[in-house]
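What follows is a set of notes on a single structure, which appears directly below.
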Amino acid sequence: MTTRVLTGITPSGTPHLGNYVGAIRPAIAASRAAHIESFFFLADLHSLIKSQEPERTQRSTLEIAASWLACGLDPETVWFYRQSDIPETTELMWFLTAVASKGILNRAHAYKAAVDKNREEQLDDDAGVTAGLFMYPVLMAADILIFNAHKVPVGRDQIQHIEMARDFAQRFNHVYGKEYFALPEVVIDEQVATLAGLDGRKMSKSYSNTIPLFVPRDELKKLVFSILTDSRLPGEPKDTEGSPLFQMYQAFATPEQTAAFAQAFADGIGWGDAKQQLFERIDTELSPLRERYNALMAEPEKIEAILRRRGQQLREQFAIPLLKELRHAVGLRDLSAAGDKPKVEAVAKAALPLFKQYREKDGRFYFKLLDGEGELLIQSEGFDSPRDAGQLIAVIKQAEQGDALQSELFKIEGEIEPVLAALQALREAAAKD
């Protein structure tokens with residue numbers, strides 16, 4: 001069974017080495033595992049809660065997108081998209097808002113922290129608190145539920161938001177009498193690497209102690225050589241424990257290289273030589289990524305095209321069909337059928353045929369066509385990318401004669417007539433949208 005894993009990326013400034021080691025690199029590696037369908041989205045709508053600077057929002061979104069692509073995220077094998085390109089997300093947010101308990105939202109950590117701060121300063125509880133901050137958990141729930149993600153990797157400070165998403169999903173399912181949403185599970189990686197910054201504290205923009213991920217080589221060397229060290233001279237043994245310099249080296253080195261560096265510390269390596277080795281180790285890994293990043297930043301139209309294309313594919317495959325079903329569920333229906341209740345119920349129960357795309361253990365992408373009862377009508381061969389599979393599905397959907405369904409890339413299961421009828425049903429349903 002394919003597991004859907006969803007990761008949100010807030011575009012807030014230029015990423016640094018800590019972001020790369022702790023989030024970007026491990027997330028990209030995890031996305032390559034078998035039976036994982038990965039969703040990575042740029043949470044530009046969320047970013048508006050913290051910043052109302054249009055140029056900064058635009059620039060940060062571009063920089064973050066270019067960073068993930070430069071670091072090896074393959075937009076053809078994962079879903080990489082921009083949150084604001086999926087308008088169904090905000091429509092779903094409203095459906096969830098209608099069932100979300102205000103009492104639960106009152107307990108959200110970010111909102112409570114803002115209220116507590118206002119009370120300390122003897123201000124009104126909600127002074128400076130926007131509705132966006134208060135409703136943040138509902139939008140996050142919509143991000144997750146729109147694609148029925150199974151697992152959501154987050155930091156410990158975000159666990160509460162996943163619990164809220166589960167609560168909203170359960171409530172909606174209960175109110176409207178069907179399991180429309182899977183209940184997402186939180187994933188906490190206890191081994192997430194954190195890097196110390198230039199001053200020994202955790203690398204963070206709030207401390208202004210970061211090393212930006214794609215600074216020029218000369219600037220990278222200057223920053224590495226500014227890392228805080230103690231006053232021990234060359235020849236004096238040095239501690240690896242608690243050393244920001246050693247920790248950073250370890251994050252970019254193999255176990256064998258790390259062991260050799262530890263021995264150099266014990267032997268009294270000079271700080272200048274240690275920093276030179278650290279710089280060379282980091283630059284070896286980042287140099288090709290920096291080159292790709294600069295090339296991507298020079299052609300932002302290519303990034304825009306990727307995000308728009310993948311966003312549209314996601315809408316067609318997941319978001320639009322789901323919201324059509326949810327609109328009917330909540331009563332936003334065709335009024336012309338209101339006087340014939342039995343007929344409306346019959347239509348609601350008649351499920352449409354469905355194309356399903358998935359990835360197998362061999363790393364290749366497949367699809368199948370199921371009728372309304374779940375019977376298999378078409379089974380594909382494997383494809384190198386989901387794009388290739390999706391393009392063939394688009395062609396199959398237009399087939400009106402059996403001759404158009406002759407191909408070595410897929411197999412018809414059973415008779416041709418049910419397949420043609422299913423394709424006709426899909427075209428008719430699309431024409432009504």
Side-chain angles (χ1 to χ4, degrees), residues 4-13 15 24 27-28 31 37-71 73-97 132 135-149 152 161 165 181 184 296-297 299-327 355 357 365 385-387 389-391 393-394 430 433:
R4 293 181 184 173
V5 179
L6 182 139
T7 301
I9 309 158
T10 303
S12 57
I24 299 175
I28 292 174
S31 74
E37 184 176 19
S38 295
F39 294 73
F40 292 89
F41 71 94
L42 299 163
D44 53 349
L45 295 178
H46 284 299
S47 73
L48 300 181
I49 296 170
K50 298 179 179 178
S51 172
Q52 290 83 46
E53 301 175 60
E55 289 76 17
R56 180 181 178 185
T57 297
Q58 180 187 35
R59 181 69 182 182
S60 292
T61 303
L62 174 62
E63 290 179 352
I64 297 298
S67 297
W68 281 77
L69 292 170
C71 290
L73 191 71
D74 183 354
E76 303 306 325
T77 59
V78 305
W79 294 107
F80 185 51
Y81 59 101
R82 183 169 39 199
Q83 183 186 31
S84 59
D85 284 338
I86 314 294
E88 291 76 17
T89 301
T90 47
E91 184 175 359
L92 174 56
M93 178 189 175
W94 185 249
F95 291 173
L96 297 176
T97 298
M135 295 299 294
Y136 180 102
V138 188
L139 179 55
M140 184 169 174
D143 293 325
I144 297 166
L145 299 178
I146 189 96
F147 301 122
N148 271 314
V152 185
H161 288 149
F181 300 118
L296 286 162
M297 289 296 290
E299 297 182 297
E301 66 277 5
K302 291 186 176 181
I303 298 177
E304 179 68 20
I306 289 170
L307 295 174
R308 285 188 177 273
R309 175 171 59 81
R310 293 302 268 164
Q312 185 59 32
Q313 289 172 338
L314 270 174
R315 292 188 66 209
E316 292 174 358
Q317 186 167 333
F318 297 107
I320 292 175
L322 175 63
L323 265 296
K324 181 180 179 182
E325 183 180 19
L326 296 184
R327 289 188 200 109
F355 275 100
Q357 287 185 257
F365 297 86
S385 77
R387 182 183 182 186
Q391 288 175 339
I393 289 173
D433 288 344

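The two residues Thr57 and Thr61 come nearest to each other via the heavy atoms O-OG1, 2.7 Å. Contact between Gln357 and Gly390 at its shortest, heavy atoms only, is NE2-N, 3.8 Å. In this structure, Ala65 and Ile303 approach most closely via the heavy-atom pair CB-CG2, 3.7 Å. Minimum heavy-atom separation, Pro386 to Thr77: CD-CA, 4.1 Å. The two residues Phe181 and Leu322 have their closest heavy-atom pair at CE2-CD2, 4.3 Å.
For the side-chain contact (heavy atoms from CB on, under 4.5 Å) test, residues two or more places apart in sequence or in another chain that qualify with Glu88 are Ile86, Ile146, Arg315, Ala319, Ile320, Leu323. With sequence neighbours left out, the side-chain contact (heavy atoms from CB on, under 4.5 Å) criterion links Ala165 to Ala141, Ile144, Pro184. Residues passing the salt bridge (charged side-chain N to carboxylate O under 4.0 Å, His left out) test with Glu304 are Arg82, Arg308, sequence neighbours excluded. Judged as a salt bridge (charged side-chain N to carboxylate O under 4.0 Å, His left out), and not counting sequence neighbours, the contacts of Lys302 are Glu299. The side-chain contact (heavy atoms from CB on, under 4.5 Å) test applied to Ala70 returns Phe214, Arg292, Tyr293, Leu296, not counting sequence neighbours. Residues passing the ring pair (Phe, Tyr, Trp, His ring centres under 6.0 Å) test with Phe365: none are found, sequence neighbours excluded. Remark: Pro75 engages Leu69, Phe80, Ile306 in a side-chain contact (heavy atoms from CB on, under 4.5 Å) (not counting sequence neighbours). With sequence neighbours excluded, the residues that form a side-chain hydrogen bond (donor to acceptor under 3.5 Å, both in side chains) with Glu325 are Lys178. Contacts of Ser385 classified as side-chain hydrogen bond (donor to acceptor under 3.5 Å, both in side chains), with partners at least two apart in sequence or in another chain: Asp388. With sequence neighbours excluded, no residue forms a salt bridge (charged side-chain N to carboxylate O under 4.0 Å, His left out) with Arg387. Evaluation of the side-chain hydrogen bond (donor to acceptor under 3.5 Å, both in side chains) rule for Glu63 yields Thr14, Arg59 as partners, not counting sequence neighbours.
Using modelled atom types, one side-chain atom of Arg4 and one backbone atom of Phe147 make a donor-acceptor pair closer than 3.5 Å. Panel note: side chain Thr90, backbone Pro87; a donor-acceptor pair is recorded below 3.5 Å.
The closest side-chain heavy-atom distance from Ser12 to Ser60 is not below 4.5 Å. Contact of the Gln317 side chain with the Phe355 side chain is not registered, since no non-hydrogen atoms from C-beta on lie closer than 4.5 Å. Looking at Cys71 and Ile28, their side chains come closer than 4.5 Å, going by heavy atoms from C-beta outward.
With values rounded to the nearest 0.5 angstrom, Leu96 atom CG is found 10.0 Å from Leu139 atom CG. A distance of 5.0 Å separates CH2 in Trp79 from CD in Gln313, rounded to the nearest 0.5 Å. To the nearest 0.5 angstrom, Gln312 atom CD is 13.0 Å from Leu307 atom CG.
Enclosure of atom CD in Gln58 is not indicated, since only 12 or fewer non-hydrogen atoms of other residues, nucleotides or ligands lie within 6.0 angstrom.
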Would you tabulate the side-chain donor-acceptor contacts of residues 38-50 under 3.5 Å, counting partners in other chains and residues two or more places apart, or write 'none'?
| from | atom 1 | to | atom 2 | distance (Å) |
| --- | --- | --- | --- | --- |
| Asp44 | OD1 | Ser84 | N | 3.1 |
| Asp44 | OD2 | Ser84 | OG | 2.5 |
| His46 | NE2 | Gln83 | NE2 | 3.3 |
| His46 | NE2 | Asp143 | OD2 | 2.8 |
| Ser47 | OG | Asp44 | O | 2.6 |

